[in-house]
Amino acid sequence: IRAKITRGLGGPRAEREAAKVRVIPNFVDTSWIAPGERRNAYRDEYGLGDRQVVMYAGNVGLSQSLDLVLDAAREMTDDPGVVFVINGGGAALADLRRRAADLSNVVFVGMQPKARLPEVLAAADLHVVPLKRGLAWSSVPSKLYSILASGRAVLASVDAGTEVARTIERAGAGRSVPPDDAAAFAAAVRAMLADRSGLAGAGESGRRFVEGWASPTAAAAAYDALFRELVHGR
């Protein structure tokens with residue numbers, strides 16, 4: 001928007017116009033979704049035990065590159081301490097189940113009640129956000145803010161420079177790799193799981209970021225500051 005309203009302008013006038021644009025994000029309920037115990041009832045119910053859980057939770061559709069999750073699982077069948085969970089439903093689910101039939105380290109879980117979301121998020125050690133090439137330029141999955149609020153690390157497979165990649169970088173909440181790159185995705189999963197303190201640190205950093213940027217309190221404060229500025233300007 002800044003680029004559009006300053007097109008053809010220069011110097012102080014362009015700066016004045018650009019300064020008119022403010023960004024206030026949608027917020028996530030940081031009181032409801034908060035860091036919780038990883039060993040919880042969800043893990044017990046689905047036999048996850050104390051293994052490291054790499055989780056995709058959300059729509060299992062055609063815009064998500066969930067084949068990357070299966071490829072990473074196939075690369076890591078040598079590690080019995082890691083399990084990949086696909087939690088959700090959608091158009092791609094049947095094909096994914098068929099392709100994962102020989103993978104003992106992949107667990108499929110149906111869509112859970114909304115009330116259980118904080119527990120589902122807390123059960124993971126690493127959340128993944130895989131989008132097909134180009135889609136991250138027009139889509140920011142709301143699950144990203146929920147993951148940050150849960151205090152868990154995140155790995156995204158998205159185009160560089162998009163809002164998803166920039167948010168993860170700003171939050172210090174994990175990593176981004178190029179979209180549709182199975183080798184890079186699997187390597188990042190291995191590296192992140194091997195650094196347990198790094199996972200914990202990324203989760204804590206993401207939580208701090210979302211509290212200061214996309215919590216109800218932060219969004220309300222941003223609106224309040226804007227209204228006060230406008231009133232003062234009049």
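Worth knowing before you read on, the calculation uses all heavy atoms, side chains too, and leaves out hydrogens, waters and symmetry mates.
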The reported gap from CG in L117 to OG in S146 (rounded to nearest 0.5 angstrom) is 5.5 Å
Transitively linked via ILVMFWY side-chain contacts under 4.5 Å: L66 with L121?
-> no
Which heavy atom of G174 sits nearest a heavy atom of A202, and at what distance?
-> N-CB, 4.0 Å
Considering the options L126, L48, V107, which one meets the side chain to side chain contact (heavy atoms under 4.5 Å, CB included) requirement together with V53?
-> L48
Do the charged groups of D102 and R74 touch, with an N to O distance under 4.0 Å?
-> yes
Hey, quick one: are L103 and L93 part of the same hydrophobic cluster, counting side-chain heavy atoms closer than 4.5 Å, chains of contacts allowed?
-> yes
First locate atom OH of Y56, then atom OG of S65, and finally report the distance between them rounded to the nearest 0.5 Å.
-> 10.0 Å
What heavy-atom pair brings A91 and L62 nearest, and what distance separates the two atoms?
-> CB-CG, 4.4 Å
Taking all atoms of both residues into account, what is the closest heavy-atom pair of A73 and N105, and its distance?
-> O-ND2, 2.8 Å
What distance do Q64 atom CD and L96 atom CG have between them, rounded to the nearest 0.5 Å?
-> 10.0 Å
Mind checking whether V128 and F185 have side chains closer than 4.5 Å, heavy atoms only?
-> yes
Do other residues, nucleotides or ligands put more than 12 heavy atoms under 6.0 Å from L230 CG?
-> yes
Does a side-chain N-to-carboxylate-O contact under 4.0 Å join E17 and R13?
-> no
Between D79 and T77, a side-chain donor and acceptor under 3.5 Å = no
Quick one: does R152's side chain have a donor or acceptor within less than 3.5 Å of a partner on A149's backbone?
-> no
Counting N and O atoms only, with roles assigned by atom type, does the side chain of E204 sit under 3.5 Å from a partner on the main chain of G201, one being a donor and the other an acceptor?
-> no
Just wondering, do V54 and M192 contact through their side chains at under 4.5 Å, heavy atoms?
-> no
Quick one: does M76's side chain get under 4.5 Å of L193's, heavy atoms only?
-> yes
Could you walk me through whether I86 and L70 pass the side-chain contact (heavy atoms from CB on, under 4.5 Å) check?
-> CA-CA 10 Å; I86 296 177; L70 299 190; 4.2 Å; yes
Is there a side-chain contact between P141 and L131 (heavy atoms, below 4.5 Å)?
-> yes
Got a sec: does the CD of E169 have more than 12 other heavy atoms crowding it under 6.0 Å?
-> no
Compare all side-chain heavy atoms of S157 with those of D180 and state whether any distance is below 4.5 angstrom.
-> no
I5 with I24, same ILVMFWY side-chain cluster at under 4.5 Å = no
M55 to A124 - nearest heavy-atom pair and separation | CB-CB, 3.7 Å
Shortest non-hydrogen contact from L148 toward A173 = CD2-CB, 3.4 Å
Backbone N or O of V21 within a donor-acceptor pair of the R2 side chain at under 3.5 Å?
-> yes
Minimum heavy-atom distance E75-A186, with the two atoms named | CG-CB, 4.2 Å
For N26, look at atom CG and say whether over 12 heavy atoms of other residues, nucleotides or ligands are found less than 6.0 Å away.
-> no
Just checking, is any N or O donor in the side chain of N87 or Y42 under 3.5 Å from an acceptor N or O on the other one?
-> yes
Any link between V106 and V69 through a network of hydrophobic side chains (Ile, Leu, Val, Met, Phe, Trp, Tyr) touching at under 4.5 Å?
-> yes
How many angstroms lie between atom NE2 of H127 and atom OG of S150, to the nearest 0.5 angstrom?
-> 4.5 Å
Between T167 and W213, does a side-chain contact (heavy atoms from CB on, under 4.5 Å) hold up when you go through it step by step?
-> CA-CA 10 Å; T167 297; W213 168 244; 5.9 Å; no
Show your reasoning for whether side-chain contact (heavy atoms from CB on, under 4.5 Å) applies to E229 and R22.
-> CA-CA 12 Å; E229 179 184 338; R22 309 300 169 82; 2.8 Å; yes
In terms of hydrophobic clusters joined by side-chain contacts under 4.5 Å, are V120 and V85 together?
-> yes
R39 versus D44: any side-chain heavy-atom pair under 4.5 Å?
-> yes
Separation of D29 CG from S215 OG (nearest 0.5 Å) | 9.5 Å
E163 and R166 ion-paired at < 4.0 Å = yes
Is R196 atom CZ crowded by more than 12 heavy atoms from other residues, nucleotides or ligands, each under 6.0 Å away?
-> no
Can you check whether F108 reaches V60 side chain to side chain, under 4.5 Å on heavy atoms?
-> no
Does a side-chain heavy-atom distance below 4.5 Å link R133 with D159?
-> yes
Begin from the C-alpha positions of I147 and V129 and carry the test side-chain contact (heavy atoms from CB on, under 4.5 Å) through to its verdict.
-> CA-CA 10 Å; I147 293 167; V129 179; 3.9 Å; yes
Please confirm whether the backbone N or O of G49 pairs with a side-chain atom of R43, one donor and one acceptor, at under 3.5 Å?
-> yes
Going from OG1 on T30 to OH on Y145, what distance comes out if it is rounded to the nearest 0.5 angstrom?
-> 13.0 Å
Would you say the side-chain atoms of D71 pair up with the backbone N or O of A182, donor to acceptor, closer than 3.5 Å?
-> no
